[in-house]
Amino acid sequence: SICLLSRGSQVRILPGRPLMVGVAQLVEHWFVVPVVVGSSPIAHPNKKKDIMFSKKNNLEKKIKLNISSKDLESDFKKRLLTQQSSSDLKGFRKGKAPLDVIEKYYGDQIKQRLIMDKMGDIFYKKISEENIPVVGQPSFAPESFDIKKDIKFEVSYEIYPEFSLTKMGSLSFKKPVSKLTDQDIKKATDLVLKRYGKAEPIDEKSKEGNFVKIDFEGFLNGEKFEGGEAQDYSLELGSKTMIPGFEEQIIGMKASESKEIEVTFPDDYQAENLKGQKVMFKIKMKEVSEVKLPNLDEEFFKSINMDVKTKAEFENKIEEQLQTDLKTNLKTKTKQRIFDAFESSNQIDIPQSMIISEANNLRNNTAQQMGLDIGKLEEDQFPIDNFKENALKRVRLGVLINKLIEENNISVDNDTLKKEIEDKSKSFKDPEQYVNWIYGNEEQLKNIESLVLEDKVAEYLEGKSKVEEESLSFEEVVSMG
């Protein structure tokens, strides 16, 4: 079973794709031609009196249209003949059943399909002629299915938001700034050494920094609970990967000792049945280990593929990587704050169909990140409502950015794109191979172009913003949500 104890961080919705790419992909599916089965669109002139718009809210629309009985009866006969030629009814040779028999068996089905096709054709023609930006899937409601009379029908649909940013007010945000310290470098160096160290069992009481191997069983109100049991579970004491109070209470235990402890799950714990609950764990200490750090020599550096020979060069390499990480994280966090301010300052309405579509994408991405089969997800595992707020912000931001790009002619020139690709290639062992791969892969090239465009949008917005600097530590920057 999956151990529920490891608190870690809350599940974050990281789409794993540039925002602009995500928006482009979404927009491609937002503008949906009504799904109709059967004939291709046929033009049917509609008189003005047959059309009436009614408004539910800014983006939800309804339109009333009309299907001519003349067209319905003519097409119904054609479809009966088509059905007759392929029919194989008992008592008749194939394709030879009389039309009245065909109508008896298939008439209602043909009429319903015909009416649905006609509604789709007429609606499609209407929105094409008037450039109505329909998003999502429209719903059709015919007043009847009697083809001997004209049939009125109503279509409910949503439209893409119409707005302008030409009078956009000034934005304000806090820009994170940070400098690397000697303590940051030492901490990172120690972590690298610990990672490549060897854990050796010791016959001593466990203390912070030791690695231990334990068995545990959890009990809620005297009963075992799901996810509260594990064998040979490896844990670094002091890592704070477990719920508060768990690690602290097993410090001081020696191998082969057993102990019962009580802890309380946090109020924000992911499992509903454990939030704020006091539980008891039976702990058995299997092994206490101490990490023996490697010697900082050429043999070690070679084993971890670092092209250095001395401790000083090793620490300089660590510092270079930390500086790169800091720069990247500051850029990302700054962009996030700019976009958050942009979205918060422009609360335009967004169609529900777009929100639900993105919420489903986020839900599926989250499940995939956790190694789950999205085809077998139960709704209560990841309720779609939990993703709607984030989906709304993402879609709204995407719509706003698209409008900003359109109104200000923001684009990516070839030189900027080339420089970005070259900069990215420097982190690869064979930069030239990476560059050739990018230019030979249209999807990857578009991804990078979208990231560069995203950066240009952020730069544009920052130039229009009131900026206040916020000094943060390296740890705060890299751990920011």
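Numbering starts at 1 and runs along the sequence shown.
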*Given E470 and V177, is the side chain to side chain contact (heavy atoms under 4.5 Å, CB included) satisfied, shown in steps?*
CA-CA 6 Å; E470 180 183 16; V177 294; 6.0 Å; no
Apply side-chain contact (heavy atoms from CB on, under 4.5 Å) to [X] and list each qualifying residue two or more places apart in sequence or on a separate chain.
X    : value
F145 : Q112, I115, P142
D430 : E432, Q433
L220 : F225, L274, Q277, V279
V467 : F173, K175, E462, S465

*Ring-face cation of K62 near Y157 (centre distance under 6.0 Å, axis angle within 45°)*: no
Between [X] and [Y], is there a donor-acceptor pair closer than 3.5 Å when you use the side chain of the first and the backbone of the second?
X    : Y    : result
R396 : D349 : no
E158 : V134 : no
S87  : L89  : no
S69  : I147 : no
S239 : L235 : no

*Apply the test side chain to side chain contact (heavy atoms under 4.5 Å, CB included) to residues N390 and L362: give CA-CA distance (whole Å), side-chain angles for both, the deciding distance (0.1 Å), then the verdict.*
CA-CA 9 Å; N390 194 25; L362 296 176; 3.8 Å; yes
Is [Y] close to [X] at the side-chain level, that is, under 4.5 Å between some pair of heavy atoms?
X    : Y    : value
I151 : D146 : no
M242 : Y233 : yes
V155 : M119 : no
P266 : I243 : yes
D340 : F342 : no

*Between D121 and K118, is a salt bridge (charged side-chain N to carboxylate O under 4.0 Å, His left out) present by the stated rule, with each step listed?*
CA-CA 5 Å; D121 293 344; K118 289 293 184 184; 5.2 Å; no
Tell me whether the count of non-hydrogen atoms from other residues, nucleotides or ligands lying under 6.0 Å of [atom1] in [X] goes above 12.
X    : atom1 : result
Q347 : CD    : yes
E389 : CD    : no
Y439 : OH    : yes

[X]: which residues meet the side chain to side chain donor-acceptor pair (under 3.5 Å) condition with it, sequence neighbours left out?
X    : answer
K456 : none
Q83  : none
D184 : T181
K331 : D455

*Run the salt bridge (charged side-chain N to carboxylate O under 4.0 Å, His left out) check on E247 and K240 step by step: do they pass?*
CA-CA 7 Å; E247 294 174 36; K240 297 183 180 179; over 6 Å; no
_In terms of relative ring orientation, are F382 and F387 parallel, tilted or perpendicular, with 30° and 60° separating the classes?_
tilted
*With E469, which residues qualify under salt bridge (charged side-chain N to carboxylate O under 4.0 Å, His left out), at least two apart?*
none
Distance only, no hydrogens: is a donor on one side chain within 3.5 Å (strictly under) of an acceptor on the other, for [X] and [Y]?
X    : Y    : value
S164 : E407 : yes
N365 : Q369 : no
T416 : D413 : yes

_Restricting to ring-ring contact (aromatic ring centres under 6.0 Å, His included), what partner residues turn up for F428, sequence neighbours left out?_
Y434
*Tell me, which pairs form a salt bridge (Lys or Arg N to Asp or Glu O under 4.0 Å) where one or both residues lie in residues 270-280, sequence neighbours left out?*
E272-K275
*Mind jotting down which residue pairs meet the salt bridge (Lys or Arg N to Asp or Glu O under 4.0 Å) criterion with at least one end in residues 415-426? Sequence neighbours excluded, please.*
K419-D423, E420-K424, D423-K426
